[in-house]
Amino acid sequence: MSDPHRPPTPAPAPDDAARADPAQDRLGLPVRGHALLRAVEVMEALRAPDGDAWTHRQSHASLARYLLEETHEVLEVIDDPAAHGTGALADELGDLLFQILFHARVGAEEDPAWDIDDVARAFIAKMERRNPHVFGQQRERTLTDPGDVEQIIAQWHAVKAAEQASTGAREKGWFDGIPARLPALQTAAKAVHRARSAGRLEELLTAADEAARAEDAQDWGADIARALLDLAVEAESRDVDPETALRTLLERIRSGLADSEQDPGLSA
């Protein structure tokens, strides 16, 4: 039985057969992204006055839990693709896309209104600004080595800092803007990345040392927490997400235990 609280799956439109033919370029080849336009039409139909009643009731706040849930379902497929069928990642990403389209459609009813094109324009502008080695007028002169990822990351942060300076925005702290619900290991990795990029990693670690020497340190396991932060530093230096690494390890332990329980020879 389907979950009445989950977003409905839209029924095919009567003229889907006509829409099935992809848009083509001048060479007769399919234009990548043409299906996104149909996805916008589907979202418009659901939210329309004569559309879906469940959809009419939703707001940014009510949709928040679905955004989180769909994100975790995408991560599950990424973590263990073998446990899911062919096309599982595309399917789960489709559910995540639905959330983005939904929020954008709700935005079209706000004052001032904004929609999916504003979302796309924001994405395009940011990518073009922060990747001058790809989109700049003098792209070939932007980096001494276009294949050096460290240079690309440094350039990204430099452009971002220039953006903040031009708008008068203050420099973000290590934890500013990090979602409060983000798992602690991911929060640590992001804070470490910011501190390292700003050349202030030692400052962050010194602050951690001071916090770990608090009078109640034993009450909350400060020594364990400090050791975990060191692991986050090591993970960040190797471009490894510690949360994903630990989740993968736990899943493999769980799978191994399940296999041993099913095989009497392994458990004997």
Side-chain angles (χ1 to χ4, degrees), residues 1-25 27-48 51-52 54-55 58 60 62-108 115-128 130-131 134-135 149 179 181-183 186 239-241 243-252 254-255 258:
M1 182 176 180
S2 61
D3 183 349
H5 300 293
R6 292 295 297 273
T9 301
D15 58 344
D16 266 359
R19 298 179 183 276
D21 293 330
Q24 296 180 336
D25 61 16
L27 298 177
L29 299 175
V31 176
R32 183 168 298 179
H34 71 275
L36 290 174
L37 296 177
R38 175 57 182 156
V40 173
E41 292 177 348
V42 168
M43 188 65 250
E44 288 288 338
L46 288 170
R47 188 74 173 187
D52 175 68
W54 181 90
T55 305
Q58 305 313 308
H60 293 306
S62 69
L63 291 170
R65 58 175 175 160
Y66 300 117
L67 182 60
L68 183 63
E69 178 183 340
E70 300 299 355
T71 299
H72 280 286
E73 291 184 2
V74 168
L75 291 174
E76 283 187 6
V77 178
I78 292 175
D79 288 346
D80 190 7
H84 300 79
T86 303
L89 184 55
D91 185 63
E92 295 298 346
L93 286 171
D95 291 342
L96 190 57
L97 174 62
F98 176 51
Q99 297 305 310
I100 296 172
L101 293 171
F102 208 152
H103 281 282
R105 181 61 182 81
V106 173
D115 60 18
I116 193 64
D117 286 317
D118 292 291
V119 175
R121 278 190 286 266
F123 162 75
I124 293 168
K126 182 176 290 186
M127 292 302 104
E128 291 181 344
R130 296 186 183 179
N131 293 280
V134 177
F135 303 103
V149 175
R181 295 183 181 180
L182 196 68
Q186 283 184 301
D239 196 23
V240 172
D241 174 26
E243 185 73 27
T244 299
L246 181 57
R247 189 170 61 246
T248 301
L249 175 64
L250 294 177
E251 180 57 36
R252 293 190 178 185
R254 179 163 47 193
S255 297

Looking at [X] and [Y], would you say the former's side chain and the latter's main chain have a donor-acceptor pair under 3.5 Å?
X: Arg47; Y: Thr55; result: yes
X: Asp91; Y: Gly87; result: no
X: Asp118; Y: Asp115; result: yes

Nearest 0.5 angstrom please: [X] [atom1] to [Y] [atom2], how far?
X: Met43; Y: Ile100; atom1: CE; atom2: CD1; answer: 12.5 Å
X: Arg247; Y: Asp80; atom1: CZ; atom2: CG; answer: 11.5 Å
X: Glu76; Y: Glu251; atom1: CD; atom2: CD; answer: 8.0 Å
X: Ile124; Y: Lys126; atom1: CD1; atom2: NZ; answer: 13.0 Å
X: Leu101; Y: Glu44; atom1: CG; atom2: CD; answer: 9.5 Å
X: Leu97; Y: Ile116; atom1: CG; atom2: CD1; answer: 7.5 Å

Nearest atoms (heavy-atom pairs only) where [X] meets [Y]:
X: Pro183; Y: Glu243; answer: CB-OE1, 3.3 Å
X: Leu67; Y: Thr71; answer: O-OG1, 2.7 Å
X: Tyr66; Y: Gln99; answer: CB-OE1, 3.5 Å

*Start with the C-alpha distance between Arg38 and Val42, add both sets of side-chain angles, then the distance that settles side-chain contact (heavy atoms from CB on, under 4.5 Å), and finish with yes or no.*
CA-CA 6 Å; Arg38 175 57 182 156; Val42 168; 3.8 Å; yes
*Any side-chain heavy-atom pair of Arg254 and Leu250 under 4.5 Å*: no
_Contacts of type side-chain hydrogen bond (donor to acceptor under 3.5 Å, both in side chains), residue Gln58, not counting sequence neighbours_ = Ser62
*If you count the non-hydrogen atoms of other residues, nucleotides and ligands that lie under 6.0 Å from CZ in Arg121, is the total more than 12?*
yes
